[in-house]
Participant: 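Structure below; questions to follow.
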There are 2 protein chains.
Amino acid sequence: MNLVRRRREEIRRAILDAAIREFAKNGLAGTSTQALAAAAGLTKAQLHYYISSKEELYEEALHFIVREWRTIFFVSAGSDDPAETIASYIERKIRHALDHPEVSRLFANEVARGAYVLSRHWGELKQAVEEASGVIEGWIAAGRIRPVDPLLFQMNMWAVTQHYAEYEAQARHLLGVPEGTPLDAERIIAEAQDMFLLRCGLTPPAR
Amino acid sequence: MNLVRRRREEIRRAILDAAIREFAKNGLAGTSTQALAAAAGLTKAQLHYYISSKEELYEEALHFIVREWRTIFFVSAGSDDPAETIASYIERKIRHALDHPEVSRLFANEVARGAYVLSRHWGELKQAVEEASGVIEGWIAAGRIRPVDPLLFQMNMWAVTQHYAEYEAQARHLLGVPEGTPLDAERIIAEAQDMFLLRCGLTPPAR
DNA sequence: ACAGGTTCAGACCAATCGGTCAAATCATTT
DNA sequence: AAATGATTTGACCGATTGGTCTGAACCTGT
């Protein structure tokens with residue numbers, strides 16, 4: 001029945017969530033199937049009924065993230081206005097990093113290791129980045145923004161927005177925010193937006 | 001004799017290097033003592049003659065990094081000129097990231113995991129950051145730079161400079177730089193300097 | 001009520017884990 | 001040359017690893 005199918009999909013979803021959380025914490029090699037099973041509320045044998053191997057689950061989790069990001073973050077979004085486009089991208093990206101830090105951390109960990117598993121999905125990533133580069137170059141040619149290295153500009157936006165997920169523990173400590181309460185998203189977004197807009201010779205919104 | 005002592009220190013240094021490399025790749029849990037020993041050119045038993053446990057070696061590696069960084073990176077360096085201070089910090093930081101990416105990666109990995117091992121050394125880090133915040137606030141008060149969130153400004157510099165170590169694989173792919181050749185340090189430094197100087201309302205050097 | 005497949009759990013596998021140990025080897029001092 | 005300490009070695013420990021297998025429990029359509 002489809003009640004059975006729904007239950008199965010719930011379990012698979014729980015496994016994927018657990019995988020992202022656990023792999024983000026200790027990496028591929030550092031995460032045991034035991035720990036994965038426990039985090040998903042299953043026994044080890046039960047987990048292996050749903051997945052075929054740890055490596056495959058790892059790759060599936062990464063693939064899931066890439067697919068999700070591809071649909072959420074596209075620099076050339078909506079408006080044609082450079083300031084609005086950049087500001088909106090940064091806001092969305094930082095909010096995502098603060099709300100789902102494990103996702104960003106898993107991705108970062110994989111890239112830091114050399115991204116061998118991820119390399120299969122790099123084609124789409126490069127394509128998206130080059131599309132955005134085109135948009136930015138258009139802005140420069142039209143004199144709408146100060147000249148910028150389009151690739152590095154994007155990488156730096158990525159660096160800053162990801163940072164608050166990867167370095168959450170450090171940010172907490174430096175900003176004096178205890179474990180329970182969330183980081184001040186507005187403050188972080190404002191500073192990041194100001195920075196990248198000023199880099200482009202654009203006027204940041206009054207605060 | 002001291003030839004014996006030198007030999008012992010050579011081995012300990014080889015172990016530390018191997019530890020940084022291996023821990024950076026697979027994290028604490030994901031790195032076996034076997035792999036550590038092999039990377040240092042020793043047998044497992046021999047390794048345990050020099051270290052007492054994997055955890056302790058891990059902590060030692062982290063402590064080494066913090067100590068090293070404390071002496072290399074001090075934002076309030078040399079000159080009193082904001083532009084020069086910022087530009088020099090960024091250059092030093094990015095060169096270090098490109099030359100010793102494993103170091104940055106190990107640190108990032110530990111922080112991403114929650115920095116439980118590192119937390120002991122966070123006092124000194126916070127102190128250094130707050131000193132720098134004082135310097136920056138002084139610049140703002142004197143009207144020498146555009147108002148900035150001093151803490152977030154520093155965190156963003158950290159984010160960008162670290163990024164080219166942590167995301168080296170991605171940067172290689174996007175910039176089209178094959179595995180053997182180094183990334184273009186000048187290009188990366190220039191873009192980063194422009195960004196942070198413009199954020200402060202300062203004029204970047206002509207290129 | 002029963003047959004059919006789906007899902008589950010416990011025992012189990014070889015391999016590897018971090019770490020120890022005693023015996024052997026090496027280098028150095030006397 | 002004998003004695004002494006510093007190193008190295010391979011065998012070994014119990015625990016845990018990723019993964020399998022079997023048989024029981026559980027649904028579900030008839």
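Treat the numbers as computed from the prediction; the structure is a model and nothing was measured. Proteins come first, then strands; the chains are lettered A, B, ... in the order of their sequence lines, and each starts at number 1.
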Participant: Hey, is the side chain of B:Arg8 poking within less than 4.0 Å of OP1 or OP2 on D:dA6, counting only N and O atoms?
Facilitator: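 B:Arg8 to D:dA6 OP1/OP2: no side-chain N or O under 4.0 Å.
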Participant: Please walk me through it: do B:Ser52 and B:Glu56 pass side chain to side chain donor-acceptor pair (under 3.5 Å)?
Facilitator: CA-CA 7 Å; B:Ser52 57; B:Glu56 202 178 288; 2.9 Å; yes
Participant: Roughly, in whole Å, what's the span from CG in B:Leu36 to P in C:dC17?
Facilitator: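 Interatomic distance, CG of B:Leu36 to P of C:dC17: 11 Å.
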Participant: Of all the choices, C:dG19, C:dC17, D:dG18, which nucleotide is nearest to the side chain of A:Ser32 once you look at every atom?
Facilitator: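 Nearest nucleotide to the side chain: D:dG18.
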Participant: For B:Gln34 and C:dA15, what is the distance between atoms CD and P respectively, to the nearest whole Å?
Facilitator: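 Taking CD of B:Gln34 and P of C:dA15, I get 15 Å after rounding.
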Participant: Work out which heavy atom in B:Leu174 is nearest to a heavy atom in A:Leu151; give both atom names and the distance.
Facilitator: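 The pair with the smallest heavy-atom distance is O-CD2, 3.3 Å.
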Participant: Regarding D:dG19, can its base be found pairing with the side chain of A:Lys44 as donor and acceptor, where the two atoms are less than 3.5 Å apart?
Facilitator: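 Yes.
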Participant: How many angstroms lie between atom CD of A:Gln193 and atom CE of A:Met157, to the nearest 0.5 angstrom?
Facilitator: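 That separation rounds to 11.0 Å.
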Participant: Can you tell me which nucleotide in C:dC8, D:dG18, D:dT8 comes closest to the side chain of B:Ile11?
Facilitator: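 Nearest nucleotide to the side chain: D:dT8.
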Participant: Among the candidates C:dG18, D:dT7, D:dG10, find the nucleotide nearest to the side-chain atoms of B:Ala45.
Facilitator: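 Given the options C:dG18, D:dT7, D:dG10, the side chain of B:Ala45 is closest to D:dG10.
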Participant: Once you apply a heavy-atom cut-off of 4.0 Å, does B:Gln46 come out as touching a base, just sugar-phosphate, or nothing?
Facilitator: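 The answer is base, as B:Gln46 lies within the cut-off (heavy atoms under 4.0 Å) of a base atom.
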Participant: Does A:Tyr49 put a side-chain nitrogen or oxygen below 4.0 Å from OP1 or OP2 of D:dG19?
Facilitator: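 Checking D:dG19 against A:Tyr49, no side-chain N or O comes under 4.0 Å of OP1 or OP2.
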Participant: May I have the distance from A:His48 (atom NE2) to C:dC12 (atom C1'), rounded to whole angstrom?
Facilitator: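 After rounding, the reported distance stands at 14 Å.
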Participant: Could you give the CG-to-P distance, from A:Leu42 to D:dG19, as a whole number of Å?
Facilitator: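 A:Leu42 atom CG is separated from D:dG19 atom P by 16 Å.
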Participant: For the pair made of CD in A:Glu56 and P in D:dG18, what is the distance, rounded to whole Å?
Facilitator: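 To the nearest whole Å, that distance equals 16 Å.
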Participant: Does a side-chain N or O from B:Arg7 land closer than 4.0 Å to OP1 or OP2 of D:dT8, or not?
Facilitator: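 So the side chain of B:Arg7 is within the cut-off, an N or O lying under 4.0 Å from OP1 or OP2 of D:dT8.
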Participant: Assess the pair A:Phe153 and A:Phe196: is the distance between their ring centroids shorter than 6.0 Å?
Facilitator: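 Close enough - the centres of the two rings lie under 6.0 Å apart.
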Participant: For the side chain of A:Ser53, counting heavy atoms from C-beta on, which of D:dG19, C:dT20, D:dT17 is nearest?
Facilitator: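 Selected nucleotide (nearest to the side chain): D:dG19.
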Participant: With a 4.0 Å cutoff (strictly under), does any side-chain N or O of B:Thr43 reach OP1 or OP2 of D:dT8?
Facilitator: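 No, outside the criterion.
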Participant: Distance check, rounded to the nearest 0.5 Å: B:Leu98 atom CG versus B:Ile189 atom CD1?
Facilitator: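 So the gap between those two atoms works out to 7.0 Å.
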Participant: Nearest-Å distance, CG (B:Leu47) to C1' (C:dC17)?
Facilitator: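 Computing the B:Leu47:CG to C:dC17:C1' distance gives 14 Å.
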Participant: Taking atom C1' of C:dT6 as reference, at what distance in whole Å does atom CD of A:Glu9 sit?
Facilitator: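 Answer to the nearest Å: 16 Å.
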Participant: Within this structure, what is the OH-to-C1' distance between A:Tyr50 and C:dA9, rounded to whole angstrom?
Facilitator: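 Computing the A:Tyr50:OH to C:dA9:C1' distance gives 13 Å.
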